[in-house]
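Here's the structure, in structure tokens; my notes come after.
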Number of protein chains: 2
Amino acid sequence: MSDLSTPKRGRPGYDRAAILEIAVLAFNEHGYDATSMGVLASRLNLSKAAIYHHFSSKEELLQFALNHALGGLEELLLEPAATTGPAIDRLSHVLRGAVLMLADRLPYVTLLLRVRGNSPTERDALTRRKSFDRSVALLVSAARDAGSLRADIDPATVTRLLFGMVNSLTEWYQPTGPADAAHLADDVLALALNGLRTPSTSRE
Amino acid sequence: MSDLSTPKRGRPGYDRAAILEIAVLAFNEHGYDATSMGVLASRLNLSKAAIYHHFSSKEELLQFALNHALGGLEELLLEPAATTGPAIDRLSHVLRGAVLMLADRLPYVTLLLRVRGNSPTERDALTRRKSFDRSVALLVSAARDAGSLRADIDPATVTRLLFGMVNSLTEWYQPTGPADAAHLADDVLALALNGLRTPSTSRE
DNA sequence: ATACTAACTGAACGATCGGTTAGTAAAGCA
DNA sequence: TGCTTTACTAACCGATCGTTCAGTTAGTAT
């Protein structure tokens, strides 16, 4: 994550990333508001005041965490496979990438998906998230217009149901390995594109 | 809801259901923990203390709300169409019924789906919810064993993704009418069973 | 009128919240 | 050995939390 070579000065201890990791886990367990700086400190085996040496406020912890989740999703949309080629392929790439990103940054995305816009920080995050959703909705519409997707369901509804499925990972997925996430992404794509019904055509 | 004939005694005012309705909306907007009895009171144009005339605690408000959501889902599993006939038909009925129940009791189910188990009340609700999920998972397995559903994806994963899709309604669905919910249920079933891809066979 | 019942208010309570301050502990560097 | 840098602690602050309590208001019943 950070540089491993440079020797550190001063008393060793936590860095921001390590504190953030534990804080995000606590936020997800009890909810952001219900997680007091006191119990957060005891999880870190620190005093409350020590946290304020690394972060200026509780809300800044949330800010850094949400940015880590949103940054990953936003970078996904910029990848070449997401910007060139047939719309259906771009959509598949983004869908698969979203599953992998969720699996990789699970606690951070989990926190993001629970934000309700109760502060400027949360509202900013919601805005960025809606912007991401809108980009995916455009992909769905493009794929539909190209004849790759069924036209009898409203694209906005499709996008929401699709992301409902993907985002639900944060409610139950427990990472066991990187191959696990790739296989899960396969399942999501298969279910989303081909449906649950027994396929009438043969599969390779 | 309650009897309309019996004349009430004493000073008129809120009853439990009316308070609960507003409380649940507030809980969903800011989160249960972040919603203070003070702001709740001001939404009701009441004093904080007045709420305690109707409910013994903040947690009891949550308890009644969660029970209303869970009761609806549990009754769904007891309906004849959910207990008799081919597994695929029973699964379809439950899936459709869940969408309609979500639409009908949207704020209550929304609150239920955000519970994290941070108190005995919340843990009880999570237990009942898991029991419901388990019943649906059994339906999925039965339908798969009967050859109605594809066998190349693990039933547990299918169930979770399926309910991820359905439960995501609480994040975006805005009720406009009862026919609206029925149409939405159609879309969910179509997407879940047949997938997003352009159907190769003709549709009636 | 009087009694009764239910709905409600204002003020206060202990507890806990996020955050601050002043000082200390532990490391590398000179 | 100091000196600097970084990490931390104990004690505390004002604000807000859920809850309680003693009394008041607004209706119905007799």
Side-chain angles (χ1 to χ4, degrees), chain A residues 1-24 26-27 29-66 111 118-122, chain B residues 1-24 26-27 29-66 111 118-122:
Chain A
M1 196 72 67
S2 56
D3 54 344
L4 303 167
S5 53
T6 314
K8 292 268 186 74
R9 293 271 302 244
R11 178 179 174 178
Y14 282 103
D15 63 344
R16 287 164 93 101
I19 287 184
L20 195 59
E21 188 77 31
I22 293 180
V24 169
F27 290 162
E29 276 183 45
H30 311 104
Y32 171 73
D33 289 289
T35 305
S36 71
M37 295 299 273
V39 310
L40 190 50
S42 71
R43 284 218 190 188
L44 293 157
N45 284 320
L46 281 181
S47 66
K48 261 199 316 178
I51 302 176
Y52 288 89
H53 176 69
H54 299 277
F55 293 91
S56 68
S57 68
K58 185 184 179 183
E59 196 169 351
E60 198 185 66
L61 280 165
L62 181 63
Q63 209 172 326
F64 274 67
L66 295 178
L111 188 62
N118 208 1
S119 68
T121 296
E122 296 194 0
Chain B
M1 195 71 66
S2 56
D3 53 342
L4 304 167
S5 54
T6 314
K8 291 269 187 73
R9 294 267 301 238
R11 178 178 176 179
Y14 282 103
D15 63 342
R16 288 166 93 102
I19 288 184
L20 196 59
E21 188 77 32
I22 295 181
V24 169
F27 289 162
E29 275 182 46
H30 311 104
Y32 172 73
D33 289 289
T35 306
S36 70
M37 296 299 273
V39 310
L40 191 50
S42 71
R43 285 219 190 189
L44 293 158
N45 285 318
L46 280 181
S47 67
K48 272 197 302 179
I51 302 175
Y52 287 88
H53 176 68
H54 299 277
F55 294 90
S56 69
S57 68
K58 186 183 178 184
E59 197 169 351
E60 197 185 65
L61 280 164
L62 182 62
Q63 210 172 325
F64 274 66
L66 296 178
L111 189 62
N118 208 2
S119 68
T121 296
E122 296 194 1

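A note on names: the letters A, B, ... follow the listed sequences, proteins ahead of strands, and every chain is numbered from 1.
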- Whole Å only: how far is the CZ atom of B:Arg16 from the P atom of C:dC8? 13 Å

- Assign each of A:Ala50 and B:Val39 the nucleotide of DNA chain D bearing its closest heavy atom; nearer the 5' end lies the nucleotide of A:Ala50

- May I have the distance from B:Lys48 (atom NZ) to C:dC8 (atom P), rounded to whole angstrom? 17 Å

- Query: Taking the side chain of B:Met37 as heavy atoms from C-beta outward, which of C:dT20, D:dG18, C:dC8 is closest to it?
  - Reply: D:dG18

- Message: In this structure, how many angstroms lie between the C1' atom of C:dC17 and the CD atom of A:Glu59, rounded?
- Response: 15 Å

- Item | Interatomic distance where CG belongs to B:Leu40 and P belongs to D:dT19 [whole Å] | 11 Å

- Report the C-alpha distance between A:Leu62 and A:Leu111 in whole Å, list the side-chain angles of each, state the deciding distance to 0.1 Å, and finish with yes or no for side-chain contact (heavy atoms from CB on, under 4.5 Å). CA-CA 9 Å; A:Leu62 181 63; A:Leu111 188 62; 3.7 Å; yes

- Message: For C:dA7 and B:His53 - does any side-chain N or O of the residue sit under 4.0 Å from the phosphate oxygens OP1/OP2?
- Response: yes

- Task: Report yes if a side-chain nitrogen or oxygen of B:His54 is closer than 4.0 Å to either non-bridging phosphate oxygen (OP1 or OP2) of C:dC8; otherwise report no.
- Result: yes

- Using atom CG of B:Asp33 as one end and atom C1' of D:dC17 as the other, report the distance to the nearest whole Å. 11 Å

- Task: Give a yes/no answer on whether the side chain of B:Ser36 brings an N or O atom under 4.0 Å of OP1 or OP2 in D:dC17.
- Result: yes

- Query: B:Leu46 has a side chain; which of C:dC8, D:dT19, D:dT9 sits nearest to it?
  - Reply: C:dC8

- Note on the structure: Between CG of A:Asp15 and P of C:dA27 the distance, given in whole Å, is 17 Å

- Message: Output the rounded distance in Å from OH (B:Tyr32) to C1' (D:dC17).
- Response: 12 Å

- Message: Has B:Lys48 got a side-chain atom pairing as donor or acceptor with B:Ser36's backbone, closer than 3.5 angstrom?
- Response: no

- Message: Before you tell me yes or no, could you show the steps for B:Tyr52 and B:Glu60 under side-chain contact (heavy atoms from CB on, under 4.5 Å), namely the whole-Å CA-CA distance, both residues' side-chain angles and the distance that decides it to 0.1 Å?
- Response: CA-CA 10 Å; B:Tyr52 287 88; B:Glu60 197 185 65; over 6 Å; no

- Item | A:Tyr52 OH - D:dC12 C1' separation (whole Å) | 14 Å

- Query: Do the side chain of A:Tyr14 and the main chain of A:Leu44 share a donor and acceptor less than 3.5 angstrom apart?
  - Reply: yes

- Among D:dT19, D:dC12, C:dT9, the one nearest any side-chain atom of B:Ser57 is D:dT19

- Message: With side-chain contact (heavy atoms from CB on, under 4.5 Å) as the criterion, how do B:Phe27 and B:Leu61 come out once you've worked through the C-alpha distance, each side chain's angles and the decisive distance to 0.1 Å?
- Response: CA-CA 10 Å; B:Phe27 289 162; B:Leu61 280 164; 4.2 Å; yes

